[in-house]
Chemist: 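For reference, the structure I am asking about is given below.
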Amino acid sequence: MKFDLKADLRLSNDATSAIKTIDEFFKNANKTFLNHGKGKNAIVKEWNLNKDLLSLHIISEKYFRAHDALLQIKNKLSEEIGKKHKIGVRATNVREYEIEFELEKKPLREINIPFAELKIKGLKAILKLEDTSEEFLRKNYVDRMIRLVKEKILNQYYEGKKEFWHLIWQSEKKEPIWNKDPTEEMIKLGWVKQGPTKGKWFYGPQLTAILRTMERIAVEEILEPLGFQEIMESHIVPFEIWLKTGHLEGMPAEIYYVAEPASRDIEKWSKFIDLVKITKEVPYEELKKNLSLPNAGICYAQCPVIYWFFKGKTIAEDSLPLLVYDKTAISCRYESGGRHGIERVDEFHRIEPVYIGTKKQLLDLREKLLERYKYVFNEIFDLEWRMAWVTPWYLQQAGKIGMEENEMGTIDFEAYMPYRGDRENSKWLEFQNLSILGDKYTRAFNIKTQKGELWSGCTGIGLERWSIAFLAQKGLDPKKWPERFKEYLSELPEGIKFL
Ligand code: ATP
Ligand code: ZN
Ligand code: MG
């Protein structure tokens, strides 16, 4: 790694009379605070003073970034010429900054990143920045830019590879009652209606009874026996939280954004109101003027806000493992072309349990959760399903095919969907998942305990997915449903008859 930086320091006054002090300062700097031994050196190769403009040329290697050297020079020089000559450093501008670093792999296609011109020759990359501010350097964008270049290249190698999927367990084959698409049939029966906007549904009394039964089963058969406590969170998530969890960089194209009104002052809305009254249409141009830029989005998964709740807390050891779940926040995802029936919707209902504890506590908990899940899917639903290790979402979102298994990682639960074709060749439906994510989020949100490290994880119980997996195998006639399920729901509401 090599750093080559040319910067201008704008001084508060003509410093010609201080030239001796400055000369000594740099001679000394190269020997003292810029010199940390081989590979850790920065050198001021050249400097030039023109009245109040001090130009510098700094070069450095691997462990001492030239921009860090510049920031140190600025501070120390200000002190020196401040004391002796009452001159300060007003502003810093990095005219040119070249960073050369080694790559592990050659890019397969051209790549670009913001803020810099990128040139790659073989395994050597050169970033060229121009007119960069001090703030830019202070905030360490440079290191993140280097990381981003490497990440983008690695992602090119993952693209198109088969997704990581490793079967853990599979139920026995079950003869399905039918092989129709349940959503299509429920639309015909008037149990559900698409809309009013894309990917949203109106659930009539019959399907609502089924979704609520799924919720009850999850709570009574899984969460309560394991000691989970219910919490209720907001389902509007500020960007600050997603910056920490990685969702903002991971799925910006799936988020439903939330904008606040620019003002509550009804006067400011008067033109908008008049236009609505006259045209009976939505005056979008006028609306734009009255909205703030979005600063939040609708819940994507419930766990980020749960982590936010525990942010900065030290949890008493006897409260561990911490077991909570939310079943209030509704999730929205812009699924676009992927939408299908009630199984891939833009607005869905999910229970999300979150657990925080020691590594051992979470590994034990996973076993217990798996045992309860198996009980529900085998004994109550009588489902044909399987479990597989898959790429955890935070690797997936970076376009990577992950290989985390056993201690950390994500398990998907998939159900056979007879309407999609035969078992072997059709795509099974992920109806829920279970993750242990190590200290990724406890670290990001600074959640601690008295001693030792905390891990966390979550498991997403999608009510639409549970329902559709069940109905796809067991049909819509409660008389044909498994006995144990009928203990929860044996008759559907009559619904509403239309003439
Ligand atoms: P998929 O691969 O099907 O898109 P995902 O990996 O995006 O799912 P997660 O982010 O792991 O899903 O969400 C956890 C759970 O939320 C899923 O197991 C599923 O039950 C539910 N879920 C996710 N997306 C949808 C959706 N569009 N419609 C209905 N349920 C969903
Ligand atoms: Zn989660
Ligand atoms: Mg998805």
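For this chain, numbers begin at 1 and follow the sequence in order. Just so you know, these numbers come straight off a predicted model, no measurement behind them. One-based numbering, in listed order, for ligands and for the atoms of each.
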Chemist: Under a 3.5 Å cutoff, is there a donor and acceptor pairing between the side chains of Tyr157 and Glu104?
Modeler: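 Per modelled atom types, Tyr157 and Glu104 side chains form no pair under 3.5 Å.
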Chemist: Please compare Arg333, Glu352, Glu347 and report which has the shortest non-hydrogen distance to atom 13 (O) of ligand 1.
Modeler: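 Among Arg333, Glu352, Glu347, the closest heavy atom to atom 13 (O) of ligand 1 comes from Arg333.
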Chemist: Rounded to 10°, how many degrees is the angle OE2/Glu352-the Zn ion (ligand 2)-SG/Cys458?
Modeler: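 Reported to 10°, the angle equals 100°.
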Chemist: Using every non-hydrogen atom in the two residues, find where Pro482 and Ile380 come nearest and quote the distance to one decimal.
Modeler: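 So the minimum-distance heavy-atom pair works out to CB-O, 3.7 Å.
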Chemist: Examine Glu464 against ligand 1 and note whether any of their N/O atoms are separated by less than 3.5 Å.
Modeler: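 Not met; the criterion fails.
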Chemist: Can you list the atoms of ligand 1 that are under 4.0 Å from a heavy atom of Glu335?
Modeler: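 It comes down to these atoms of ligand 1: 24 (N), 26 (C), 27 (N).
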Chemist: So is Glu343 close enough to ligand 1, meaning a heavy atom under 4.0 angstrom away?
Modeler: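 Yes, Glu343 has heavy atoms under 4.0 Å from ligand 1.
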Chemist: Under 4.0 Å between a Lys/Arg side-chain N and an Asp/Glu carboxylate O for Arg147 and Asp143?
Modeler: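 No.
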Chemist: Which value, rounded to the nearest 0.5 Å, describes the distance between Arg366 atom CZ and Leu370 atom CG?
Modeler: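 Reported value, rounded in 0.5 Å steps: 7.0 Å.
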Chemist: Test your reading of the structure: does Tyr300 have an N or O sitting under 3.5 Å from an N or O of ligand 1?
Modeler: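 Not met; the criterion fails.
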Chemist: I'd like to check whether Val345 has a polar contact with ligand 1, where a contact means an N/O of the residue lying under 3.5 Å from an N/O of the ligand.
Modeler: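 Min N/O separation from ligand 1 is below 3.5 Å for Val345.
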Chemist: Pick one of side chain, backbone, both or neither for how Phe431 approaches ligand 1, counting any non-hydrogen atom pair under 4.0 Å.
Modeler: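 For Phe431, the contact with ligand 1 is made by the backbone alone.
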Chemist: Could you tell me which atoms of ligand 1, counted from 1 in the order shown, lie closer than 4.0 angstrom to a heavy atom of Gly462?
Modeler: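 In order of number, 20 (O).
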Chemist: Could you tell me whether Arg350 approaches ligand 1 through its side chain, its backbone, both or neither, with non-hydrogen atoms closer than 4.0 Å?
Modeler: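 Just the side chain.
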Chemist: Decide side chain to side chain contact (heavy atoms under 4.5 Å, CB included) for Glu464 and Trp201; before the verdict, give the C-alpha distance in whole Å, the side-chain angles of both, and the deciding distance to 0.1 Å.
Modeler: CA-CA 11 Å; Glu464 278 85 355; Trp201 294 82; over 6 Å; no
Chemist: Which residue, Met387, Glu430, Arg386, forms the side chain to side chain contact (heavy atoms under 4.5 Å, CB included) with Phe413?
Modeler: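 With Phe413 as partner, Met387, Glu430, Arg386 yield a single side chain to side chain contact (heavy atoms under 4.5 Å, CB included), made by Met387.
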Chemist: Which atoms of ligand 1 have any heavy atom of Gln432 under 4.0 Å away?
Modeler: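 Going through ligand 1 atom by atom, the ones under 4.0 Å from Gln432 are 18 (O).
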Chemist: Which heavy atom in Leu383 sits nearest to a heavy atom in Phe470, and how many Å separate them?
Modeler: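 Looks like CD1-CA, 4.0 Å.
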Chemist: Does Arg420 CZ have over 12 foreign heavy atoms under 6.0 Å away?
Modeler: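 Counting other residues, nucleotides and ligands, CZ of Arg420 exceeds 12 neighbours.
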